[in-house]
Amino acid sequence: MEKLNIKEFLDQDEKKDLLRLLTAGSVDDGKSTLIGRLLFDSKKLYEDQLDALERDTKRYGNAGDHIDYALLLDGLKAEREQGITIDVAYRYFSTNKRKFIIADTPGHEQYTRNMITGGSTANLAIILVDARSGVITQTRRHTYLVSLLGIKHVVLAVNKMDLVDYAQSVFDHIVKEYRHFAESLGIPDITCIPLSALQGDNVVTSSENMKWYTGKPLLEHLETVHIGSDKNFTDLRYPIQYVLRPDLHFRGFSSTVASGIIRQGDEVIALPSMKRSRVKSIVTYDGELELAFPPQAVTVTLEDEIDLSRGEMLVHPDNLPLISRHFEAMLVWMDEKRMDSEEAFFIKQTTNLTRVKIDKIRYKINVNTLEQSATEALELNEIGRVIFTTGKPLFFDPYAKNKNTGAFILIDPITNNTCAVGMIIDKVEMKDMQEFEIPEISLSKLGISPEHFEAIEQVVRELDRQGISIKLNQ
Amino acid sequence: MSTYKLSHLKELEAESIHIIREVVAEFENPVMLYSIGKDSSVMVRLAEKAFYPGKVPFPLMHIDSKWKFKEMIEFRDRYARENHWDLIVESNMKGFQEGVGPFTHGSKVHTDLMKTQALLQALDKYKFDAAFGGARRDEEKSRAKERIYSFRDKFHQWDPKNQRPELWNIYNARIHKGESIRVFPLSNWTELDIWQYIRMENIPIVPLYFAKERPIVEIDGNLIMPDDDRLPAQYRDKIRMRKVRFRTLGCWPLTGAVESEADTIEKIVEEMMTTTKSERTTRVIDFDQDASMEQKKREGYF
């Protein structure tokens, strides 16, 4: 290993990237042991990069043989004993190549809700199976949820290989069965690794016991898996988050680039006004940029004074998102309270907040068997394909194409709880569906004189921002 | 495609800026809690970045327990002045006048009255509906499971069993009147990330973080630096000069120093990677009772 002094170490370290990963599997699969070992052994390796490291020898015991790795993760265990349900705990570790954030979700119960919560930002999912039992119902369920979330990289960690005498035939059999299932769900990158978390085989270092396995050990795979092209750099979506007006001379539109590249000089079109302008500058605290890409948070100024507020969107004129009040989505119900399909929920999608009604539940899906069945309403942990109508048009893309513009949450208007989360499939033509009544106010009919129009428009805009749409006619 | 890649620090920075802007866009009256510590310093810089070239559109608030290190207060006032911050300082004046302190009342009572209650009084006084805090998930077990938007009821209490699901970068900002949220834009940062960012961005921090010869008295195994004349008499002749630094900053009787030679950020990082103690173990306060952090958080402490 190359030894570095602290300055070199930090200079190099500053540049590494970030991988967010989800771990799925139960305690019985050795998940805690695996995470414990990843955290612990990688830390040792990482620190060994430093020159002249005076190590406290007590710290690592004797070559790690007697350490109960699972104990290092006492957090979740302790909470179970206290009877506290927790859905996701985050853990952090680094190597000199990458920083990792693990979303660790415990237990069997509530699994759908937990995994969905932990996995929404994950680049990669590790699905654990016990080599003795192979692919079981739970494995299929986890894999389906991973595919639903659009996680593109899956590692099937076949654990406890030591208990099946490190036999290649066992591993090959599990891999064959798993690939057959997972590929049908459209997961593009599946890597299968035989390992023993307890013995350390193929976790951080290659196993001496499984010379037949020629792939990388788990940690090396996590360090090198290519995630750069997972993001959508094609379709510019710049949802306005905040209008920055520090003085009369500066009017900037602050946001996080949801997808695509925005460049200085680009012709852009504002949704929903369809007004055109050009990007004058991309401003940041650290200087102006030529271009910005996801997930950079920047401020854009335009050549022309066009009206643009939070919830609206800048896109390229030749590449529009779907613009509609009607769409269908896969919806995961997250609330203890059963769905009331008559309710007008709040929907938040990008920086937009509006009301939404459920038109129809096409079906719900059994996450264990993937069978579809009819239902009137979804309950906690149920997933269904649902058609919605929103109070105002949203700008979106199918989730499969664009996570940032295809994802949304539903908020219960009474409890304010986040009661469901969804992934948009596509817009639907809604000629024959029920229409949302948007109240209309005609200012001239009401005898309101024109000098008040601006003030009223302002109030209506503010209401719209809060999700209450009113159509205004002069 | 690989050119469109951010380093982990830049990605964390972007995530934090997104969160800070989102809160300002959706809440009426946000405030940023400023503890004068290194994490606060990073959070403040991120707020400046979020609204550049504009001014940060919310005040900073420091809850002064009246037992902070003098160097912290000097740093705070200078920094606020130089950077034109809108700074609010609030204390539990009743507690102060009654002489509440860790030596006379114990750390639990002191923390509750001078920190937790002072904070709650201040939040009620200004009717803030969102308060940014600099807590990180890697600091402590109970924080590892806390949301970025942490919902608080009318009594500012946190209910770990009843947290809202939080997915993607879509945050639920809807609250009823009187309720509020605490927001943790640094949730996904680790201690090392904080130090690297301070180094990369040249962010000023309180000099107490760097090793120096300081007057130290050992109390119950903790290295305490007496910072004013409220040190009880029995310890006064036990003060010795030792080369120490502080890994966290707080009330001086409750914040243990560590012996150290680290007088630069590089040396601090090097020391950090070779030492076993986690950051908060130098805070005396945590040893008060079992599961103390979770308890304090439920009661409204950060």
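These figures come from a predicted structure and were not determined experimentally.
- Only the backbone of A/Ile414 comes within contact range of chain B, with heavy atoms under 4.5 Å apart.
- The side chain to side chain contact (heavy atoms under 4.5 Å, CB included) search around A/Ser255 returns A/Tyr238, A/Pro239, A/Gln241, not counting sequence neighbours.
- Residues A/Ile101 and B/His8 fail the side-chain proximity criterion, which asks for heavy atoms closer than 4.5 Å.
- Within the 4.5 angstrom heavy-atom criterion, only backbone atoms of A/Lys15 (N, CA, C, O) approach chain B.
- Taking all atoms of both residues into account, the shortest heavy-atom contact from B/Trp168 to A/Tyr399 is NE1-OH, 3.1 Å.
- Considering only heavy atoms from C-beta on, B/Glu26 stays 4.5 Å or farther from A/Thr351 through its side chain.
- Taking chain B as the reference chain and counting heavy-atom pairs below 4.5 Å, the highest number among A/Lys7, A/Met334, A/Arg245 is found for A/Lys7.
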- Could you please spell out the steps behind the side-chain hydrogen bond (donor to acceptor under 3.5 Å, both in side chains) verdict for A/Thr117 and B/Arg147? CA-CA 11 Å; A/Thr117 302; B/Arg147 302 288 193 250; 5.2 Å; no

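- A distance of 7.5 Å separates CG of B/Leu167 from CD1 of A/Ile116, quoted to the nearest 0.5 Å.
- A heavy-atom distance below 4.5 Å is not found between the side chains of A/Asp335 and B/Pro165.
- At a 4.5 Å heavy-atom cutoff, the contact between A/Val298 and chain B is made by backbone atoms alone.
- The OG atom of A/Ser94 lies 6.5 Å from the CG atom of B/Asp193; values are rounded to the nearest 0.5 Å.
- With contacts defined as side-chain heavy-atom distances shorter than 4.5 Å, the pair B/Arg174/A/Leu353 qualifies.
- Most heavy-atom pairs under 4.5 Å with chain B, from the set A/Ile261, A/Thr299, A/Asp247: that is A/Ile261.
- Both the backbone and the side chain of B/Glu266 come within less than 4.5 Å of a heavy atom in chain A.
- The CD1 atom of B/Ile19 lies 9.5 Å from the OG1 atom of A/Thr256; values are rounded to the nearest 0.5 Å.
- In the model, B/Arg164 has no side-chain atom that pairs as donor or acceptor with a side-chain atom of A/Thr415 under 3.5 Å.
- Counting heavy atoms of neighbouring residues, nucleotides and ligands inside a 6.0 Å radius, atom NZ of B/Lys154 exceeds 12 of them.
- Electrostatic pairing of B/Lys49 and A/Asp286 counts as a salt bridge here, judged by a charged N lying under 4.0 Å from a carboxylate O.
- Rounding to the nearest 0.5 Å places CD of B/Gln196 at 6.0 Å from NZ of A/Lys16.
- Proximity to chain A (any heavy atom under 4.5 Å) is restricted, for B/Glu201, to the side chain, taken from C-beta onward.
- Nearest approach of A/Gln296 to B/Ala14, heavy atoms of both residues: CA-CB, 4.2 Å.
- Here the CG-CD distance, from A/Leu18 to B/Glu11, works out to 4.5 Å after rounding to the nearest 0.5 Å.
- Highest contact tally toward chain B, considering only A/Asn416, A/Leu291, A/Val421, is held by A/Asn416 [criterion: heavy-atom pairs under 4.5 Å].
- Interface residue B/Ser187: only backbone heavy atoms are found under 4.5 Å from chain A.
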- Message: Determine whether B/Ile170 and A/Thr418 satisfy the following criterion, side-chain contact (heavy atoms from CB on, under 4.5 Å), listing intermediate values before the conclusion.
- Response: CA-CA 11 Å; B/Ile170 309 177; A/Thr418 304; over 6 Å; no

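- Between A/Asn417 and B/Asn172, the shortest heavy-atom contact is C-ND2, 3.8 Å.
- Of the listed residues B/Ile17, B/Asn169, B/Ile175, the one with more heavy-atom pairs under 4.5 angstrom with chain A than any other is B/Ile175.
- Residue contact with chain B, scored on non-hydrogen atoms closer than 4.5 Å, involves the backbone and the side chain of A/Ser254 alike.
- The heavy-atom pair separating B/Gly54 from A/Pro246 by the smallest distance is CA-CB, 3.4 Å.
- Between B/Tyr171 and A/Lys348, the shortest heavy-atom distance links the atoms O-NZ, 2.7 Å.
- With a threshold of 4.5 angstrom between heavy atoms, A/Phe293 approaches chain B through side-chain atoms but not through N, CA, C or O.
- With no hydrogens or angles considered, a side-chain donor-acceptor pair links A/Tyr92 and B/Asn188 at under 3.5 Å.
- In terms of heavy-atom pairs under 4.5 angstrom with chain B, the leader among A/Phe408, A/Phe250, A/Tyr285 is A/Tyr285.
- The number of heavy-atom neighbours closer than 6.0 Å to CD of A/Glu290, taken from other residues, nucleotides and ligands shown, is 12 or below.
- The two residues B/Val24 and A/Tyr242 come nearest to each other via the heavy atoms CG1-CE1, 3.4 Å.
- Of the atoms belonging to A/Arg20, it is side-chain heavy atoms, and not backbone ones, that fall under 4.5 Å from chain B.
- Here CE of B/Met200 is found 11.5 Å from CG of A/Asp11. Values are rounded to the nearest 0.5 Å.
- Among B/Arg21, B/Arg45, B/Glu22, the residue with the largest count of heavy-atom pairs under 4.5 Å with chain A is B/Arg21.
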- Query: Are B/Arg199 and A/Glu14 close enough, and set up right, to give a salt bridge (charged side-chain N to carboxylate O under 4.0 Å, His left out), and what steps lead you there?
  - Reply: CA-CA 10 Å; B/Arg199 177 177 183 262; A/Glu14 211 168 84; 3.4 Å; yes

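- Taking 4.5 Å as the limit, every side-chain heavy atom of A/Lys231 sits out of range of all side-chain heavy atoms of B/Tyr4.
- In terms of heavy-atom pairs under 4.5 Å with chain B, the best-connected choice from A/Ile227, A/Ile411, A/Leu19 is A/Ile411.
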